[in-house]
Novice: 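Encoded as structure tokens, here's the structure I'll be asking about.
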2 protein chains.
Amino acid sequence: MISALPLASLSRGQGVALWRQIAASLSEHIGSGRLSPGTRLPTEGDFAAHFQVNRHTIRRAMEDLAAQGLVRIEQGRGSFVSEEVLDYPLGPRTRFSESIRRQNREPAGIMLKIEEIPADLMLSDALAVKRGQPVLFARRLCLADQRPVAIGYHYLPITRFPRIAELLAGNPSITAALSASGLPNYRRKLTRIGARMPSVEEAKLLEQSRVRPVLVTEAINADAEGQPVELSIACYAAARMQLLVEN
Amino acid sequence: MISALPLASLSRGQGVALWRQIAASLSEHIGSGRLSPGTRLPTEGDFAAHFQVNRHTIRRAMEDLAAQGLVRIEQGRGSFVSEEVLDYPLGPRTRFSESIRRQNREPAGIMLKIEEIPADLMLSDALAVKRGQPVLFARRLCLADQRPVAIGYHYLPITRFPRIAELLAGNPSITAALSASGLPNYRRKLTRIGARMPSVEEAKLLEQSRVRPVLVTEAINADAEGQPVELSIACYAAARMQLLVEN
DNA sequence: ACAAATTTGTTCGTATGTATG
DNA sequence: ACATACATACGAACAAATTTG
């Protein structure tokens, strides 16, 4: 049903690209709430007929909206208006599950893959181990209320935590695994924050469009003595999560 | 000159899109340093002929690289390999100029526009003023070594700082203007961090592609008594700047 | 000041591949 | 197996921005 959308008469040849006009119109509809979160949008073909333009023009507009995080495009299914965003406070005791629960959501973690890799230059530097030493590489999908919100890439020194692999395989919580390895408490020292476009795989895991950005954090966790115990790179669906720094 | 590039024989119909193969190939060349920062890439037409594909296919690949921040595309000029990224530490005493100088770059600020607007719900809430009260809205472009790296949107209560407009017009530094208004010291209380695609204007100001993300921070600065004195929204070119949180 | 050439940006048309239900 | 819907690819033409003559 496009009846809910105005025909927002497009002006041609006025210096404003058609796809921009269409994107702006839809953006306004979403922002104003006339199109509510989660609702499915008409197909590209329907839109094209509605606005009297080529389907490519609609696609360009939709791509833009997806990049802004206003809509989510899924191949073979359709396009949908995006949902709300969660807060993720960054601090010395940053823990995923706690933050999510504090916002009345149910946190969950799915361990995707656990493997052992030799430390390259970056890893040996970050984890203070010798180059070539074995490092555990765990990839985990983090969910809130069944919705994927982040992917975590975790690197831990196996030399220090020999049983870490089996512990993580049983329970996807890093905190629990480190605790069971004799480290009940650790602390985040530094977090680097950037933004980039997701890889194909990341977009798929996060159930988001590849033209929508992800927030990337790179953090070093250390024990009480300041010895690094984990390098964690997390990749957040920017449309569903924002970071918080309290000073 | 494409001679520096390998013909990276593309495999067609193998499930991997041509534009992805091309993007990956170029990405590898940039990552390895064979294509150094700032160098100009061949035109789309040349690339198309080189890889034996349509120009659209090249454009798709280039868009992807631009979104990843590896290249910069400029209409009418060409495409270029991107330059390095700067760190921006977030903390209670976050100041742009100091951070830039600490990395041996020359900071600069260009005041784009200063206007007076009535406080809407968001502003009255953030700045603790009544709705409709006058608020100064200043937009500033921040540069490091002549290169734009961020856009700052600053909101300050005029009721408290009556001379703030003229002060900012004379010197684009917020710190200096507040100091001259009798507030030598203020503190950042909270920073919210997100990522999104830039608007057309933002992309132009930051001299970046619209398909490359920007990091967005929203911060409240307060005086010693905890009274909010400024709401600042900053928009960083993610390809040239990353945020740092030290705990 | 103006014109031409170059390069990226937008739009249309068409065809085929791939994922979902 | 089938229809639907998004993804990729090609070809053509023109628009807009920039540089050069």
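The model shown is predicted, which means the values in this text are computed figures rather than measured ones. Sequence lines set the chain letters: A, B, ... in the order given, protein chains first and strands last, and positions in each chain run from 1.
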Novice: Among residues two or more places apart or on two chains, list those pairs meeting ring-ring contact (aromatic ring centres under 6.0 Å, His included) that have a residue in residues 68-88 of chain B.
Specialist: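 Found Tyr88(B)-Tyr236(B).
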Novice: For dT20(C), which nucleotide in any strand shown is its Watson-Crick or wobble partner with both distances under 3.5 Å?
Specialist: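 Partner of dT20(C): dA3(D).
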Novice: Does the pair Glu98(B)/Arg95(B) count as a salt bridge with the N-to-O cut at 4.0 Å?
Specialist: no
Novice: Would you mind reading off the distance between Glu44(B) atom CD and dA17(D) atom P, rounded to a whole angstrom?
Specialist: 16 Å
Novice: Between N or O atoms, less than 3.5 Å apart, protein on one side and nucleotides 17-21 of chain C on the other: list the pairs.
Specialist:
{"from": "dT18(C)", "atom 1": "O2", "to": "Gln75(A)", "atom 2": "NE2", "distance (Å)": "3.3"}
{"from": "dG21(C)", "atom 1": "OP1", "to": "Arg77(A)", "atom 2": "NH1", "distance (Å)": "3.3"}

Novice: Is there any protein nitrogen or oxygen under 3.5 Å from a nitrogen or oxygen in nucleotides 10-13 of chain D, and what are the pairs?
Specialist:
{"from": "dC10(D)", "atom 1": "OP1", "to": "Arg12(B)", "atom 2": "NH2", "distance (Å)": "2.2"}
{"from": "dC10(D)", "atom 1": "OP2", "to": "Asn54(B)", "atom 2": "N", "distance (Å)": "3.1"}
{"from": "dC10(D)", "atom 1": "OP2", "to": "Thr57(B)", "atom 2": "OG1", "distance (Å)": "2.5"}
{"from": "dG11(D)", "atom 1": "N7", "to": "Asn54(B)", "atom 2": "ND2", "distance (Å)": "3.4"}
{"from": "dG11(D)", "atom 1": "O6", "to": "His56(B)", "atom 2": "NE2", "distance (Å)": "2.8"}
{"from": "dA12(D)", "atom 1": "N6", "to": "His56(B)", "atom 2": "NE2", "distance (Å)": "2.8"}

Novice: Taking Arg139(B) first and then Glu115(B), would you say they form a salt bridge - that is, a charged N and a carboxylate O separated by under 4.0 Å?
Specialist: no
Novice: Roughly, in whole Å, what's the span from CZ in Arg72(B) to P in dT7(C)?
Specialist: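 About 17 Å, once rounded to whole Å.
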Novice: For Arg40(B) and dT19(D), give me the distance from atom CZ to atom P, rounded to whole Å.
Specialist: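 That distance rounds to 10 Å.
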Novice: Going through the distances and angles, do Leu41(A) and Phe47(A) end up as a side chain to side chain contact (heavy atoms under 4.5 Å, CB included)?
Specialist: CA-CA 9 Å; Leu41(A) 293 171; Phe47(A) 263 140; 4.2 Å; yes
Novice: Under 3.5 Å, is there a donor-acceptor pair between the side chain of Gln103(B) and the main chain of Asp87(B)?
Specialist: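 Looks like yes, one N/O pair under 3.5 Å.
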Novice: OP1, OP2 of dA7(D) versus side-chain N and O of Arg59(A): anything below 4.0 Å?
Specialist: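 Result: yes.
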Novice: Please state how far atom CZ in Arg60(A) lies from atom C1' in dT8(D), giving the value in whole angstrom units.
Specialist: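 Result: 16 Å.
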Novice: Consider the side chain of Ile73(A), meaning its heavy atoms from C-beta on, and name the nucleotide among dA7(D), dT7(C), dA9(D) that approaches it most closely.
Specialist: dA7(D)
Novice: Roughly how many Å is it from CD in Glu63(B) to P in dG9(C), rounded to a whole number?
Specialist: 8 Å
Novice: Just jot down the salt bridge (charged side-chain N to carboxylate O under 4.0 Å, His left out) partners of Glu84(B), sequence neighbours excluded, or say none.
Specialist: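 Here the qualifying residues are Arg105(B).
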Novice: What's the CZ-C1' distance between Phe47(A) and dC6(D), to the nearest Å?
Specialist: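 Rounded to the whole Å, the gap is 15 Å.
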Novice: Tell me the interatomic distance from Met62(A), atom CE, to dC6(D), atom P, rounded to whole angstroms.
Specialist: 8 Å
Novice: Table please: side-chain donor-acceptor pairs of residues 142-150 of chain A below 3.5 Å, with sequence neighbours left out.
Specialist:
{"from": "Asp145(A)", "atom 1": "OD1", "to": "Glu106(A)", "atom 2": "N", "distance (Å)": "2.8"}
{"from": "Arg147(A)", "atom 1": "NH1", "to": "Glu207(A)", "atom 2": "OE1", "distance (Å)": "3.1"}
{"from": "Arg147(A)", "atom 1": "NH2", "to": "Glu83(A)", "atom 2": "OE1", "distance (Å)": "3.3"}

Novice: Check the phosphate of dT10(C) against Arg20(A), side-chain N and O only, distance under 4.0 Å to OP1 or OP2. Yes or no?
Specialist: yes
Novice: What verdict does the side chain to side chain contact (heavy atoms under 4.5 Å, CB included) test give for Leu205(A) and Leu112(A), after you've listed the backbone C-alpha separation in whole Å, the side-chain angles of each residue and the deciding distance to 0.1 Å?
Specialist: CA-CA 10 Å; Leu205(A) 286 168; Leu112(A) 301 170; 3.7 Å; yes
Novice: Identify, with sequence neighbours excluded, every residue that meets side-chain hydrogen bond (donor to acceptor under 3.5 Å, both in side chains) alongside Arg101(B).
Specialist: none
